[in-house]
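Residue numbers count from 1 along this sequence.
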Amino acid sequence: MSSFGNPHALFDVNGKVALITGATGAFGQVAARTLADAGCHLVLAAGNAESLKEIADACEELSASVTVVNSRPDDEEKCQAMVDAAVATHGRLDILVVASGMNKVAKIDEMPLEDFTSVMDANVTHSWMLAKAATKQMKKQGDGGKIVLVSSARGLLGHPNGYTAYCASKAAVDGITKALGCELGETGITVNAIAPTVFRSPLTAWMFEDTDHAKAVRTGFLSRVPKGRLGEPEDLAGPLLFLASRASDFYTGHILYADGGYTAG
């Protein structure tokens with residue numbers, strides 16, 4: 001059906017069932033609030049029970065139906081249980097947003113192997129397992145679906161300060177996104193990734209401060225950002241809604257850089 005007479009309908013996700021993992025993190029909370037406000041039924045998953053309740057309560061205040069799963073996606077059974085929670089509560093799964101992940105920073109000659117593998121597991125293996133569980137359910141439903149992974153500008157670009165694990169993991173997420181986009185092309189399931197650069201979060205709050213160190217780091221970084229500012233959480237809301245809605249039906253295997261032009265230069 002054409003939406004030229006009502007372009008807003010392209011972005012309508014009202015009544016869709018969305019699973020968001022890492023729902024207590026900076027991007028996970030943006031995803032939860034955005035999709036709640038857009039009318040989605042939510043399944044929110046995270047390991048921190050107290051923070052999970054807080055974001056669930058916030059989404060319920062936006063009139064969303066919310067189911068919580070107090071678990072991290074660190075094995076196939078847990079990933080399947082998250083999908084099963086959506087099906088048990090709402091009968092289906094329409095949208096998967098993988099916002100869980102981690103970073104550990106150290107120079108390669110100082111990084112323990114277990115730190116490298118933990119970052120790869122959290123960012124790559126967990127994304128793959130969640131996409132697998134969601135794909136099985138969406139294929140069973142037979143009417144498509146939306147899988148949104150979280151990459152980074154560091155999946156494309158290196159970094160001099162001990163980011164071998166993180167850069168490698170996000171490059172792998174890009175690879176999963178592209179390969180799975182090709183693999184599922186004819187099923188109606190789209191697979192795309194949002195790739196931010198620095199945006200405001202508990203981990204990056206220091207970069208927004210007025211200290212001499214923060215100002216020096218910020219000035220150096222912003223010299224590479226055409227928009228001339230750091231990212232805010234709301235800068236990720238629009239791209240997410242696009243990738244979660246019918247507006248992106250012809251986009252798959254795509255890495256959408258939410259970076260103020262950082263990767264363009």
Checklist entry - Going by the ring pair (Phe, Tyr, Trp, His ring centres under 6.0 Å) test, which pairs reach into residues 43-70, not counting sequence neighbours? => result none

Item to check | side-chain contact (heavy atoms from CB on, under 4.5 Å) partners for A247, two or more places apart | outcome: L10, F11, F242, S245

Checklist entry - Judged by atom type as modelled, is there a donor-acceptor pair below 3.5 Å linking the side chain of T24 to the main-chain atoms of S51? => result no

Checklist entry - Among D94, L93, L35, which one satisfies side-chain contact (heavy atoms from CB on, under 4.5 Å) with K16? => result D94

Item to check | Atom NZ of K104: over 12 foreign heavy atoms under 6.0 Å | outcome: yes

Next on the checklist: Just by distance, no angles: are the side chains of Q80 and E76 close enough, under 3.5 Å, to form a donor-acceptor pair?
Outcome noted: no

Item to check | R218/E209 ion pair, N-O < 4.0 Å | outcome: no

Checklist entry - Are I147 and M138 side-chain neighbours, meaning at least one heavy-atom pair lies under 4.5 Å? => result yes

Checklist entry - More than 12 foreign heavy atoms under 6.0 Å from CD of E186: is that the case here? => result no

Checklist entry - Would D74 and K78 pass as an ion pair if we require N to O under 4.0 Å? => result yes

Checklist entry - Would you call D57-K53 a salt bridge at under 4.0 Å N-O? => result yes

Next on the checklist: Check whether D259 reaches the backbone of T263 with its side chain - one donor and one acceptor, N or O, closer than 3.5 Å.
Outcome noted: yes

Item to check | NZ/NE/NH1/NH2 to OD/OE distance under 4.0 Å, R229 and D235 | outcome: yes

Item to check | For Y166, all residues meeting ring pair (Phe, Tyr, Trp, His ring centres under 6.0 Å), sequence neighbours excluded | outcome: Y163

